[in-house]
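Here the structure comes first, spelled out in structure tokens, and everything after it is commentary.
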Amino acid sequence: MIEPQTLYQLFMELYGPRGWWPVVTDAGNQGHDAKGYHPLDYSIPATAHRRFEIALGAILTQNTAWRNVRLCLESLDEAGAIDMQRLLALSDERLEALIRSSGYYRQKARKLKTLARFFLENGYGEVSAASTPSREELLSLWGIGEETADSILLYAFGVPVLVIDAYTRRILARLKGEELSDREIRDYLSSATEGKAVKQQRRILNEFHALFVEHGKTRCAKRSPDCDHCGIKAWCKGPF
DNA sequence: CGCCAGGTGGGAT
DNA sequence: ATCCCACATGGC
């Protein structure tokens with residue numbers, strides 16, 4: 001199995017820094033002129049708007065292409081709903097209409113309100129929040145599972161945690177030649193960050209997840225992987 | 001058309 | 001614990 005460090009370096013050479021999380025709206029996007037990706041910017045969100053937008057996006061993108069989520073975030077922003085109280089003030093029907101394009105819109109409307117209520121009650125939405133939600137707290141909320149919890153922790157709060165998604169599992173399974181449990185994936189990738197400063201860990205984990213997604217989309221597709229143009233095929237047992 | 005997308009909760013086994 | 005399914009839109 002390829003060393004995590006090597007994999008990270010290869011991904012970086014192949015795709016360059018991705019600059020996740022993508023920010024869709026202008027408001028709260030301090031220090032940047034443009035919307036979208038901000039390569040080499042791994043700062044913790046500097047406004048409540050941006051932090052909340054990231055958390056909302058983490059829920060809206062559950063099993064959903066990001067392009068379907070973009071429009072929702074723009075619609076929510078236009079409605080002034082990237083704000084905990086304003087979002088909670090919307091009727092369910094209105095909120096559902098605003099996020100329709102992300103799919104599962106009835107479930108997701110409920111999830112967004114659950115998240116907003118949780119942030120509001122605990123003051124986590126404030127940038128000056130004294131504390132960060134724990135993983136357990138996030139997981140206890142209806143609609144937030146492991147990937148969403150870890151995405152929120154990493155990209156909205158800057159907590160150095162690994163985000164494991166379907167791309168990560170598929171790529172590592174093909175590299176190894178067999179499925180890995182999430183526990184095994186965490187153990188395997190831990191050497192890429194251990195012993196490093198938190199700031200450094202945050203940068204690596206930001207990029208690693210983004211790079212798995214990029215490689216998964218462009219090379220390691222589920223049905224028909226493009227192994228001919230894959231930069232890590234020399235290390236790979238797949239596809240299978 | 002059918003398949004897939006940066007999952008999750010709930011119920012059955 | 002582990003499978004199985006519902007949830008839903010939009011792009012290729």
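Numbers restart at 1 for each chain; the letters A, B, ... are given by sequence-line order, proteins then strands. Small disclaimer: the values here were computed from a predicted structure and weren't measured.
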How is [X] classified with respect to the nucleic acid when contacts are heavy atoms under 4.0 Å: base, sugar-phosphate, or nothing?
{"X": "Leu141(A)", "result": "sugar-phosphate"}
{"X": "Gln107(A)", "result": "base"}
{"X": "Trp20(A)", "result": "base"}
{"X": "Ile144(A)", "result": "sugar-phosphate"}
{"X": "Ser102(A)", "result": "nothing"}
{"X": "Tyr105(A)", "result": "sugar-phosphate"}

Do the side chain of [X] and the main chain of [Y] share a donor and acceptor less than 3.5 angstrom apart?
{"X": "Tyr155(A)", "Y": "Asn206(A)", "result": "yes"}
{"X": "Glu126(A)", "Y": "Ala48(A)", "result": "no"}
{"X": "Arg186(A)", "Y": "Leu162(A)", "result": "yes"}

[X] and [Y]: side-chain donor and acceptor closer than 3.5 Å?
{"X": "Thr148(A)", "Y": "Gln62(A)", "answer": "yes"}
{"X": "Tyr8(A)", "Y": "Glu3(A)", "answer": "no"}
{"X": "Thr64(A)", "Y": "Lys108(A)", "answer": "yes"}
{"X": "Asp150(A)", "Y": "His209(A)", "answer": "no"}
{"X": "Gln107(A)", "Y": "Arg110(A)", "answer": "no"}
{"X": "Ser190(A)", "Y": "Asp187(A)", "answer": "no"}

message: Hydrophobic cluster membership, with links at side-chain heavy-atom distances under 4.5 Å among I/L/V/M/F/W/Y: are Ile99(A) and Trp66(A) in one?
response: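 Looking at the clustering, Trp66(A) is in the same group as Ile99(A).
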Rounding to an integer number of Å, can you tell me how far [X] [atom1] sits from [N] [atom2]?
{"X": "Tyr104(A)", "N": "dT8(B)", "atom1": "OH", "atom2": "P", "answer": "11 Å"}
{"X": "Arg70(A)", "N": "dA5(B)", "atom1": "CZ", "atom2": "C1'", "answer": "16 Å"}
{"X": "Gln62(A)", "N": "dG7(B)", "atom1": "CD", "atom2": "P", "answer": "8 Å"}
{"X": "Leu139(A)", "N": "dG7(B)", "atom1": "CG", "atom2": "P", "answer": "16 Å"}
{"X": "Glu146(A)", "N": "dT8(B)", "atom1": "CD", "atom2": "P", "answer": "8 Å"}
{"X": "Asp150(A)", "N": "dG7(B)", "atom1": "CG", "atom2": "C1'", "answer": "13 Å"}
{"X": "Lys111(A)", "N": "dG7(B)", "atom1": "NZ", "atom2": "P", "answer": "11 Å"}
{"X": "Ile152(A)", "N": "dG7(B)", "atom1": "CD1", "atom2": "C1'", "answer": "12 Å"}

P atoms of dC1(B) and dA8(C), separation to the nearest Å: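 That atom pair is separated by 23 Å.
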- prompt: What distance, rounded to whole Å, do you find between the two P atoms, one in dC3(B) and one in dC5(C)?
  reply: 15 Å
- request: Walking along DNA chain C from 5' to 3', note the first and the last nucleotide with an atom under 4.0 Å from a heavy atom of chain A, and give both.
  value: dC7(C) to dG11(C)
query: Below 6.0 angstrom between ring centroids: does that apply to Tyr167(A) and His215(A)?
result: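 No, too far apart.
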- prompt: Under 4.0 Å: is that the gap between some side-chain N or O of Thr61(A) and OP1 or OP2 of dG7(B)?
  reply: no
- request: Determine the minimum heavy-atom distance between Val127(A) and Pro45(A), stating which atoms define it.
  value: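 Taking every non-hydrogen atom into account, CG1-O, 3.8 Å.
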Residue met sooner reading DNA chain B from 5', once Asn68(A) and Gly143(A) are mapped to nucleotides: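 The residue mapped nearer the 5' terminus is Asn68(A).
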Strand-adjacent residues in residues 178-190 of chain A, judged by heavy atoms under 4.0 Å from DNA chain B: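 Hits under 4.0 Å, by residue number: none.
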- prompt: Which parts of residues 160-172 of chain A get close to DNA chain B, meaning a heavy atom less than 4.0 angstrom away?
  reply: Asp165(A), Ala166(A), Tyr167(A), Arg170(A)
message: Test salt bridge (charged side-chain N to carboxylate O under 4.0 Å, His left out) on Arg50(A) and Asp26(A); report intermediate values, then the result.
response: CA-CA 9 Å; Arg50(A) 189 167 178 185; Asp26(A) 285 319; over 6 Å; no
